[in-house]
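Just so it is clear: chains get the letters A, B, ... in the order the sequence lines come, proteins before strands, and each one is counted from 1. Keep in mind that this is a model prediction, so the values were computed, not measured. Just so you know, these numbers use all the heavy atoms, side chains as well, and skip hydrogens, waters and symmetry mates.
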Amino acid sequence: MTWEMLVFLFLASSALLSALWVISAKEIVHSVIGMATCFIAIACLFIMLNAEFVAIVQILVYVGAVTIVVLFGIMLTKREIMESERK
Amino acid sequence: MNLYQFCYGIVHWLVGLVNNIWYWLGDFLPWYFGDLFTAIGNFAASEGHLWFMTLLVESVVVVVIALINVLNFLWIFRKLSGRILDFYGPYYVGYRIGGWLQNLADGMKLFIKEIIVPTKADRLGFLLAPVIFVGSSLTILAVIPFSVDFGISTSESGEYVSAGALFALAAFSIAPFAILLAGWSSNNKYTLIGGMRSAAQMMSYEIPLILCAASVFLLAGSFNFVEIVDAQSGIWFFIPLFIGFVVFLICLMAEVEIIPFDLPEAEAELVEGWTTEYGGMRFGLFYMTTAVRSYAGGALATALFLGGWHGPSFLPDEIWFLIKAYIVFTVFMWLTWSVPRIRIDQMLVFGWRRLLPLAVLNLLIAAALKSGGWF
């Protein structure tokens, strides 16, 4: 087993585990953290494939998308702040 | 000799020194332990281990240099605001060097403070947000070279990472996610509003920023920092692309959230913005990282528009690069204390209706210059 193989296994397993976390997390913002982890792990996989440009564009485009998803997650879900307002 | 070779020399020397102990133990100890220590020595002397340790040493060198520059920046910030607003600034701590040690004293004070996590905060997000913010901001520094020889991502042969400038912009764009996360997970109205404002601001100012950078990439014909700076050996890009330079600086100020654009942490409206619930060294990290980002922004503006390390040869290249970055930072500070903070609606109008058309115009000028054959 080479070092490259170890790094690949680490990145691939973190991408898969965080993808599982996206669909199983209770809080929507937690699943957004999982999504960001997944995208960054995939970007690192692209770097391992010597596709630097694709990796960088992956980060540039998808992390912006992640921020939008956080915004929607905040707007469409409730938290303690709202509860205390109602009382 | 470039930075890689220098650090490789240090690591090689250290490993040779430590390997004396391992090999001595290998000869000295009985059968099993002896083999084990010899194997450790062989592993330490292997090429892959040396390469990896060299990269670590390079990262430490670049981060330490960045942090020293950040201390200087914070000192300049305090002294210059004192000069402009008519007070002294830091004075007694480090009396002979103009109060330079005040920042170290403040950092030490923040280190010994208790770390408090609010009961109703979202623990995971609250603890993860500083990590993402600091990590992504320090990542920017990885690709910015001070000269042809002084950059972390040079290889042994002096070859440089191909899409470095794009990587720096990508690392810049991770921060809004961390800020929104911090604002949401603190479970506080002020932090949430601060985080929302920060996301809106960074998203809308990122577009003109990247368009201005794109005009530079168009003229230089490369994403590589070394080639971009080489393309400016005749004329620095801020002369043909003056509009783009001004728009780039304004967007950079919005990206690093200093005063005309510090709506996310407007002290008079939101208590301390999205950092309200953070105390102790976590707040210190946010404060320090903002300075790291303005340092990286100054370095980016220098490399893209101000001719990088070109300058008269009586000073080394690295010093010229730092001088230009400090000048950019000083201009930021000068604007900070001269202009009042803008309102949130004015900020969005300014970003989308003024800066974006100017950035597109700048891109057109760059395209015209390129197709006219001047570059």
Side-chain angles (χ1 to χ4, degrees), chain A residues 1-7 18 21-22 24-44 46-47 50-86, chain B residues 46 48-49 51-52 118-129 131-132 135-136 139 143 153 161-193 195-196 198-200 202-203 206-207 210 213 223-224:
Chain A
M1 194 142 90
T2 58
W3 287 102
E4 219 170 359
M5 187 74 185
L6 265 180
V7 173
S18 54
W21 188 30
V22 171
S24 62
K26 289 274 188 294
E27 296 270 7
I28 197 159
V29 176
H30 287 182
S31 43
V32 170
I33 299 174
M35 211 161 103
T37 320
C38 185
F39 287 148
I40 289 173
I42 290 172
C44 294
F46 278 128
I47 289 180
N50 285 329
E52 285 172 11
F53 187 80
V54 186
I56 290 165
V57 170
Q58 164 102 9
I59 292 175
L60 202 62
V61 172
Y62 280 96
V63 173
V66 161
T67 317
I68 298 284
V69 174
V70 184
L71 272 176
F72 277 118
I74 293 166
M75 280 195 289
L76 302 178
T77 54
K78 268 190 265 178
R79 239 171 94 87
E80 292 290 318
I81 302 169
M82 306 290 175
E83 307 259 313
S84 63
E85 243 172 18
R86 213 183 295 153
Chain B
S46 67
H49 176 261
W51 171 78
F52 186 73
T119 323
K120 291 202 171 173
D122 180 62
R123 238 187 128 75
L124 178 77
F126 193 81
L127 298 183
L128 203 61
V131 178
I132 301 176
S136 68
T139 312
V143 288
S153 30
V161 59
S162 58
L166 207 57
F167 183 89
L169 292 174
F172 242 103
S173 71
I174 296 178
F177 171 55
I179 291 173
L180 254 179
L181 193 62
W184 176 81
S185 56
S186 302
N187 201 6
N188 177 328
K189 279 176 203 165
Y190 297 117
T191 59
L192 187 60
I193 296 170
M196 289 291 205
S198 172
M202 288 198 172
M203 307 270 301
E206 199 131 277
I207 299 165
I210 292 182
F223 289 127
N224 184 334

Heavy-atom pair of closest approach, residues B:Phe177 and A:Ile33: CZ-CA, 4.0 Å

Note: vs chain A, highest number of non-hydrogen pairs under 4.5 angstrom among B:Ile179, B:Leu180, B:Ile132, B:Leu169 is B:Leu180

Kindly indicate whether the side chain of A:Glu52, heavy atoms from C-beta on, has any atom under 4.5 Å from the side chain of B:Leu166. no

Need one label for B:Phe172: side chain, backbone, both or neither, based on atoms under 4.5 Å from any heavy atom in chain A. neither

Counting heavy atoms not belonging to B:Tyr190, are there more than 12 under 6.0 Å from its OH? no

Below 4.5 Å from any heavy atom of chain B, which atoms of A:Ala36 appear? Answer side chain, backbone, both or neither. side chain

Does any backbone or side-chain atom of B:Leu128 lie under 4.5 Å from a heavy atom of chain A? Answer side chain, backbone, both or neither. side chain

Taking atom CD1 of B:Ile174 and atom CD1 of A:Ile40, what is their separation to the nearest 0.5 Å? 5.0 Å

Between A:Leu60 and B:Ala170, what is the shortest heavy-atom contact and its length? CD1-CA, 3.3 Å

